[in-house]
Trainee: 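I am attaching a structure below and will ask some questions about it afterwards.
What you see below is based on every heavy atom in this structure, not just the backbone, and it leaves out hydrogens, waters and symmetry mates. Starting from 1, each residue takes its place in the sequence as its number.
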Amino acid sequence: MNYGGVLIAVKDMTKAKHFYEEVMEQEVQMDLDNIHVAFASGFTLQADYEGLLGVSLKPKDQPDNFQLYFEVEDLDKWEAKLVKVDGIEFLHHSKEYPWGQRVMRFYDHDKYIVEVSESMESVVKRFLNQGMSVTETAEKTMFPVEFVQQFVQR
């Protein structure tokens, strides 16, 4: 068996597709008449999910037990971009976790939670650039010393 990805049901495909393609910069891999849109990163949007299944579903305003997760190199740039998008409701703006990774979360137009975080490679590079040693960085991030060493500028 092979994992096929994630499908999220959306109320307004035009709005959802625009958000993920234009704002979140995801590449559309396949668009079936704005009913089913697949992105190269591995997730899919589906309009009229209830019709597809052929069963009546109880709609939820906010499925708070699921999130889409994206990693970026420059979280500040992305936060500045996202605060300008109409209809985005932040759960929290950038915050740093104990391992050093900075993360923000918000609801998309269909009230799915979206997380945008620094990649851990970016975190390691940031700590090293701030003068932390390889050992200190490895301890803080909980990554092996060997992982951290590959980012030491020679």
Side-chain angles (χ1 to χ4, degrees), residues 3-29 31 34 36-50 57-145 147-153:
Y3 175 71
V6 171
L7 181 143
I8 59 174
V10 298
K11 295 174 191 151
D12 183 333
M13 179 60 83
T14 301
K15 188 182 273 188
K17 179 183 168 193
H18 176 268
F19 176 75
Y20 286 102
E21 183 178 22
E22 300 300 325
V23 176
M24 299 301 291
E25 300 178 7
Q26 298 301 294
E27 178 186 348
V28 172
Q29 186 175 45
D31 184 345
N34 245 15
H36 182 92
V37 176
F39 293 95
S41 55
F43 74 98
T44 303
L45 306 177
Q46 178 70 45
D48 188 25
Y49 188 60
E50 204 171 74
L57 300 172
K58 295 179 184 178
K60 294 183 178 180
D61 290 335
Q62 293 182 202
D64 286 335
N65 60 353
F66 168 85
Q67 76 175 16
L68 295 172
Y69 172 70
F70 297 90
E71 289 187 342
V72 298
E73 298 304 310
D74 186 345
L75 191 66
D76 294 329
K77 173 188 133 196
W78 275 93
E79 186 167 17
K81 178 180 181 176
L82 290 166
V83 297
K84 296 175 186 172
V85 177
D86 288 335
I88 298 298
E89 175 188 343
F90 280 83
L91 279 84
H92 63 82
H93 288 271
S94 296
K95 69 178 187 179
E96 187 171 319
Y97 283 98
W99 54 91
Q101 187 178 37
R102 295 183 315 128
V103 174
M104 64 180 155
R105 290 184 181 87
F106 54 90
Y107 290 111
D108 73 3
H109 297 294
D110 286 287
K111 297 296 184 186
Y112 290 107
I113 297 172
V114 178
E115 175 182 318
V116 178
S117 70
E118 292 178 297
S119 69
M120 285 307 295
E121 293 163 358
S122 295
V123 174
V124 167
K125 290 175 185 176
R126 179 166 45 90
F127 286 158
L128 292 171
N129 288 336
Q130 290 173 351
M132 289 178 72
S133 71
V134 169
T135 303
E136 290 168 330
T137 300
E139 287 174 4
K140 175 80 172 172
T141 62
M142 298 180 280
F143 275 78
V145 168
F147 177 82
V148 174
Q149 283 177 324
Q150 67 183 329
F151 300 104
V152 174
Q153 295 187 2

Trainee: Of all the heavy-atom pairs spanning S122 and V72, show the shortest one and how long it is.
Mentor: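 Minimum heavy-atom separation between S122 and V72: OG-O, 4.0 Å.
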
Trainee: With rounding to the nearest 0.5 Å, note down the distance linking CG in L45 to NZ in K15.
Mentor: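 Here the interatomic distance stands at 14.0 Å.
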
Trainee: So, taking the atom named CE in M13 and the one named CD in Q46, what distance separates them when rounded to the nearest 0.5 Å?
Mentor: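 The CE atom of M13 sits 6.0 Å away from the CD atom of Q46.
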
Trainee: Hey, does the side chain of R126 reach the backbone of G100 with a donor-acceptor pair shorter than 3.5 angstrom?
Mentor: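 Present.
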
Trainee: Which pair of heavy atoms, one from N34 and one from A47, lies closest together, and at what distance?
Mentor: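 So the two residues come closest at O-CB, 4.1 Å.
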
Trainee: Compare every heavy atom of A9 with every heavy atom of Y112, then report the nearest pair and how far apart it is.
Mentor: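 In this case the closest contact between Y112 and A9 is OH-O, 2.7 Å.
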
Trainee: How long is the span from the CD atom in Q149 to the CZ atom in F143, to the nearest 0.5 Å?
Mentor: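 The distance works out to 14.5 Å.
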
Trainee: For the pair K125 (side chain) and M120 (backbone), establish whether a donor and an acceptor sit closer than 3.5 Å, ignoring hydrogens and angles.
Mentor: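 Between the backbone of M120 and the side chain of K125 there is no qualifying donor-acceptor contact (under 3.5 Å).
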
Trainee: Does any non-hydrogen side-chain atom of F43 lie less than 4.5 Å from one of Y20?
Mentor: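 In contact.
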
Trainee: Would you check, one step at a time, whether the test side chain to side chain contact (heavy atoms under 4.5 Å, CB included) holds for W78 with E25?
Mentor: CA-CA 11 Å; W78 275 93; E25 300 178 7; 3.7 Å; yes

Trainee: Flag the pair M24 / D108 as yes when at least one side-chain heavy-atom distance between them is below 4.5 Å, and no otherwise.
Mentor: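 No; the side chains remain at least 4.5 Å from each other.
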
Trainee: Locate the shortest heavy-atom distance separating A138 from P144; write the atom from each residue and the value.
Mentor: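 Where A138 meets P144 most closely, the heavy atoms are CB-C, 4.3 Å.
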
Trainee: Does atom CD of E22 have more than 12 heavy-atom neighbours from other groups under 6.0 Å away?
Mentor: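 More than 12 within 6.0 Å, yes.
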
Trainee: Side chains of L7 and H36, heavy atoms from C-beta outward: is any pair under 4.5 Å?
Mentor: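 Touching, per the 4.5 Å side-chain cut-off.
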
Trainee: Show your working on salt bridge (Lys or Arg N to Asp or Glu O under 4.0 Å) between E96 and R102 and close with a plain yes or no.
Mentor: CA-CA 4 Å; E96 187 171 319; R102 295 183 315 128; 5.2 Å; no

Trainee: Side chains of F106 and V116: does their closest heavy-atom pair fall under 4.5 Å?
Mentor: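 When only atoms from C-beta onward are counted, V116 and F106 do touch, with a gap below 4.5 Å.
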
Trainee: Measure the spacing between CG of L75 and NZ of K95 and express it to the nearest 0.5 Å.
Mentor: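 Going from the CG atom of L75 to the NZ atom of K95 covers 12.5 Å.
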
Trainee: Within a strict 4.5 Å, meaning less than it, do heavy atoms of the D31 and K17 side chains meet?
Mentor: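 With C-beta onward as the side chain, the pair touches.
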
Trainee: Look at the rings of F147 and F151 and say which category their plane angle falls in: under 30° parallel, 30 to 60° tilted, over 60° perpendicular.
Mentor: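 Taking F151 first and then F147, their aromatic rings stand perpendicular (interplane angle over 60°).
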
Trainee: So, the side chain of K11 versus the backbone of D110: is there a donor-acceptor pair under 3.5 Å, distance only?
Mentor: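 No; zero donor-acceptor contacts below 3.5 Å.
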
Trainee: I would like to know whether M104 and F90 meet side chain to side chain contact (heavy atoms under 4.5 Å, CB included); could you show each step before the answer?
Mentor: CA-CA 8 Å; M104 64 180 155; F90 280 83; 3.8 Å; yes

Trainee: Using a cut-off of 6.0 Å, state whether more than 12 heavy atoms not belonging to Y49 lie near its atom OH.
Mentor: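 For Y49, atom OH is not crowded (no more than 12 foreign heavy atoms under 6.0 Å).
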
Trainee: If you look at every heavy atom in V103 and H92, which pair is closest and at what distance?
Mentor: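 Nearest pair, atom of V103 first, then H92: O-CE1, 3.4 Å.
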
Trainee: Flag the pair F66 / I113 as yes when at least one side-chain heavy-atom distance between them is below 4.5 Å, and no otherwise.
Mentor: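 No, side chains not in contact.
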
Trainee: Could you measure the distance from the CD atom of Q130 to the OG1 atom of T137? Nearest 0.5 Å is fine.
Mentor: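 So the gap between those two atoms works out to 9.0 Å.
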
Trainee: For the backbone of E118 and the side chain of Q101, can you confirm whether one donor and one acceptor N or O come within less than 3.5 Å of each other?
Mentor: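 Indeed, once roles are kept as given, a pair shorter than 3.5 Å links the two residues.
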
Trainee: Is there a donor-acceptor contact under 3.5 Å from the side chain of E50 to the main chain of L57?
Mentor: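 Looks like yes, one N/O pair under 3.5 Å.
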
Trainee: Side chain to side chain contact (heavy atoms under 4.5 Å, CB included) between H109 and V10: does it pass, once the steps are laid out?
Mentor: CA-CA 9 Å; H109 297 294; V10 298; over 6 Å; no

Trainee: Spell out, as yes or no, whether a donor-acceptor pair under 3.5 Å connects the side chain of E79 to the backbone of S94.
Mentor: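 Pair found, side chain donor or acceptor close to backbone of S94.
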
Trainee: For a 4.5 angstrom cut-off between non-hydrogen side-chain atoms, does S119 reach E73?
Mentor: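 Touching, per the 4.5 Å side-chain cut-off.
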
Trainee: Does the side chain of V28 reach to within under 4.5 Å of the side chain of F39, using non-hydrogen atoms?
Mentor: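 Contact flag for V28/F39 side chains = yes.
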
